[in-house]
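Labels below follow one simple rule: chain letters A, B, ... track the order of the sequence lines, proteins then strands, and each chain is numbered from 1. Values below: all heavy atoms of this structure, side chains included; hydrogens, waters and symmetry mates excluded.
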Protein chains: 4
Amino acid sequence: MTAAGTPPNWRDFSVPALPPLLGAALDCFVEHGYHGTAIRTVATHAGLSVPGLYHHYPSKQALLVGIAESAMADLYARSSAALREAGEDVEARFALLVECLVLVHAYRWEHAFIAASEIRSLEGPARAGHIAARDRQQKLLDDVVAEGSRLGRFATRYPKDASRAVTTMCTGVAQWYRAGGPLSPEELAARYVQICRGTVQAR
Amino acid sequence: MTAAGTPPNWRDFSVPALPPLLGAALDCFVEHGYHGTAIRTVATHAGLSVPGLYHHYPSKQALLVGIAESAMADLYARSSAALREAGEDVEARFALLVECLVLVHAYRWEHAFIAASEIRSLEGPARAGHIAARDRQQKLLDDVVAEGSRLGRFATRYPKDASRAVTTMCTGVAQWYRAGGPLSPEELAARYVQICRGTVQAR
Amino acid sequence: MTAAGTPPNWRDFSVPALPPLLGAALDCFVEHGYHGTAIRTVATHAGLSVPGLYHHYPSKQALLVGIAESAMADLYARSSAALREAGEDVEARFALLVECLVLVHAYRWEHAFIAASEIRSLEGPARAGHIAARDRQQKLLDDVVAEGSRLGRFATRYPKDASRAVTTMCTGVAQWYRAGGPLSPEELAARYVQICRGTVQAR
Amino acid sequence: MTAAGTPPNWRDFSVPALPPLLGAALDCFVEHGYHGTAIRTVATHAGLSVPGLYHHYPSKQALLVGIAESAMADLYARSSAALREAGEDVEARFALLVECLVLVHAYRWEHAFIAASEIRSLEGPARAGHIAARDRQQKLLDDVVAEGSRLGRFATRYPKDASRAVTTMCTGVAQWYRAGGPLSPEELAARYVQICRGTVQAR
DNA sequence: CATGAATGAGACTTCATTCAT
DNA sequence: AATGAATGAAGTCTCATTCAT
């Protein structure tokens, strides 16, 4: 169940993340928000007529659902791949997972931005599904930190809080990092691995 | 020039943060977003008719601006007070500032949530003003970390990145912390001071 | 039943035509039309609060009625006075009536403008009354022209049409004449007497 | 660049002057004025829903602009055609132009009525354009009367005033002439040619 | 009469969505 | 899938008017 746009190599962000129509919708939602975006704007942005858009997606909500699901699936797939690559060592697992989180939120900040700010615009079961996906994702890091703590490899007295802090920190990258700055996503990820290590090592 | 709702003691959150009408608007914006909220909903929420609301605020946008400005002013006023209390010692300055950030984002998470997610809904000069206020706020922490780093009291090689990570972490509290959980805001703040110290001490 | 603002001398336009409040309303109606004017605008223009305005006039409609009635009463009173001054000679009667019409529409163009363009905004019996007043006014000139025609002093074969043409011409002054132009109202009136004579003399 | 609704023969008023939707708007504006007309009324009048109307015209103002522009364009086109037909003789030019003015204001009195009474409701550049069109139209008659006066064919000492009086007179037809009266537009036009001749011949 | 607050009704306009072609 | 036309519902905002103080 690999999402469209997730390549086998979790460090590869060269492929477009979304089918073009969802990409257009994503751009609009980022700029004006879900409720602030008219479906006509999305259609124009995608080079389609309005009925043409409805030919592909049955509703505006479906666009948002498509984006949210794809974003969570891509993040989870990449995270899982990173953990597989890390093997059993808990510090490696922590480092690669942080690297993965930063890379995804730097390269795909728009997805993350929408996934974070427009959950409230998801209707019905889609919202529940999204929250479940988010919890499942959070659990990946929680488990690593908990294990590192149990093994005495991480010094923190508050593994749960530290884990949440790390997540928040990496997720927050989507709110300020933009391509073209002084650091590449890879450089930023390297620094964040350092910084986050401090977080779980602090007593 | 103390902002309305900001008491002399920066640790005191017992006073209501906003005039009741802005409070009602804040609730609605948090639940449905700015564009997803009908002004009628706000009016009903505030126990007013629609023109009654317009008697106090000239537009929906004015409600958002009022909230955003009040949020930033309150945060800045409390942060400044915390730094004054801390005196000259850079570690104390860092600790109290982090404590302040966490307290504000735990107690006033709705303000922070809106201030972060609805910047794009601010129109014209209000947006510029908001961004300026955010930068001014960020600079408070940047300066402390830079000074700590210069003095050799903080070990981090990336003071700028660490500072942003700390900000993101504390700001992120608004996205998940809710009253009624296992930790009080004060307890959470204490833990975050620890965790954040790790961030700036990591090499 | 002389209207307020109509002095004994029909050539005298030095007195204000309307009580100040109606004057303010008139200004607004001229600029934006009846339906285009908010009653708050009138109040501000008059230096009153909104309830203050309602203390004097019970409704917006009452303002319009007051203006329309005063305008028609003033015009009729001046016309009657002019005819009295002219005595029995039909050419004198024609000349003085034309002079009077031009003077009124040049000096009080705002009244005439509103009386002509906002009849449709008069509700109920006020509209009927206004139309009756207009017909009564028109009859003054019709009678003069008819008599001149009957006596063979006017050459026109179409006295009714000529009379209407003269009325239209003089009424039309309100649409273009403004104080400050090259001609004073009195000079303009003199010319119009000439021109109108041509109208009723043409065969 | 003939305006829609202006046929090659300037005496022909059998074609509808406006597209049906503008026609409906014109009816409503005539009855209640621009500001007094709800766009819902126009839509109903045209057999459309409100958004259906907006599909064709982007705003209420656009309806007014469309009417005003069409009215002025039609009048100018017919006037120009009448002058072409008249050739060089200045009295013929005067006669045909007056005939044209009367016919237009008798047949299309609604257009003229709105064009005269709702200029103040035109916003921004549309108002300037309308006034320019009106001046251009006025100049047609001004030039004829000035030439006739220069050539000694018209006796009037005040050609400018006489020209304005004629214009006002003919324009005023729109305020009182209605189909179904004792005179056809053509008969009325014939009489007005006589009457107006008197205007420019009077000394 | 000023102030301040309030409101039912209704204004213009936009939106997501649909249907026939 | 594009085009053009259409619409029910709902959006923001304004208006004339009123009442308590």
- prompt: Between C:Thr37 (side chain) and C:Cys28 (backbone), is there a donor-acceptor pair under 3.5 Å?
  reply: yes
- request: Name all residues meeting the side chain to side chain donor-acceptor pair (under 3.5 Å) criterion together with A:Gln175; count only those two or more places apart in sequence or in a different chain, and write none if there are none.
  value: none
message: Between D:Leu48 and D:His56, is there a side-chain heavy-atom distance shorter than 4.5 Å?
response: yes
- request: To the nearest 0.5 angstrom, please state how far the OG atom of C:Ser117 sits from the CD1 atom of D:Ile119.
  value: 10.5 Å
message: Near DNA chain E, counting only heavy atoms under 4.0 Å, which residues of residues 28-43 of chain D show up?
response: D:Thr37, D:Ala38, D:Ile39
field: Pairwise side-chain contact, B:Glu118 with B:Ile67, heavy-atom cut-off 4.5 Å (strictly under)
entry: no
message: If the condition is ring pair (Phe, Tyr, Trp, His ring centres under 6.0 Å), which residues does A:Phe13 pass it with, not counting sequence neighbours?
response: A:Tyr107
Within-4.5 Å side-chain heavy-atom neighbours: B:Leu22 and B:Leu26: no
query: With C:Ala116, which residues qualify under side chain to side chain contact (heavy atoms under 4.5 Å, CB included), at least two apart?
result: none
query: Reading DNA chain F 5' to 3', which nucleotide is the first, and which the last, to come under 4.0 Å of any heavy atom in chain B?
result: F:dG11 to F:dC15
- prompt: So what's the dot-bracket for DNA chain E: Watson-Crick or G-U pairs under 3.5 Å, [ ] if a pair crosses, | if it pairs off-strand?
  reply: .||||||||||||||||||||
- request: Could you pull out all residues at least two apart from A:Tyr34 that satisfy ring pair (Phe, Tyr, Trp, His ring centres under 6.0 Å)?
  value: A:Phe29
- request: Calculate, to the nearest 0.5 Å, the distance between atoms CG and NE2 belonging to D:Leu21 and D:His45 respectively.
  value: 11.0 Å
- request: State, with a plain yes or no, whether a side-chain heavy atom of D:Leu18 is found less than 4.5 Å away from one of D:His111.
  value: yes
Donor-acceptor pairs are to be reported for all side-chain atoms of residues 122-132 of chain D against protein atoms at under 3.5 Å, with residues two or more places apart or in another chain.
{"unit_1": "D:Glu123", "atom_1": "OE2", "unit_2": "D:Gln61", "atom_2": "NE2", "d": "3.2"}
{"unit_1": "D:Arg127", "atom_1": "NE", "unit_2": "D:Leu122", "atom_2": "O", "d": "3.2"}
{"unit_1": "D:His130", "atom_1": "NE2", "unit_2": "D:Ala115", "atom_2": "O", "d": "3.2"}

- prompt: Heavy-atom distance under 4.5 Å between the side chains of D:Met72 and D:Arg134, does that happen here?
  reply: yes
query: Where along residues 46-54 of chain D does a heavy atom come under 4.0 Å from DNA chain E, residue by residue in number order?
result: D:Val50, D:Pro51, D:Tyr54
message: Using the side chain to side chain contact (heavy atoms under 4.5 Å, CB included) criterion, which residues pair with A:Ala62? Sequence neighbours excluded.
response: A:Tyr57, A:Pro58, A:Ser59
message: Heavy atoms within less than 4.0 Å of DNA chain F: which residues of residues 57-65 of chain B have one? Give them sorted by number.
response: B:Ser59, B:Lys60
message: List the residues meeting side chain to side chain donor-acceptor pair (under 3.5 Å) with B:Arg40, not counting sequence neighbours, and say none if there are none.
response: none
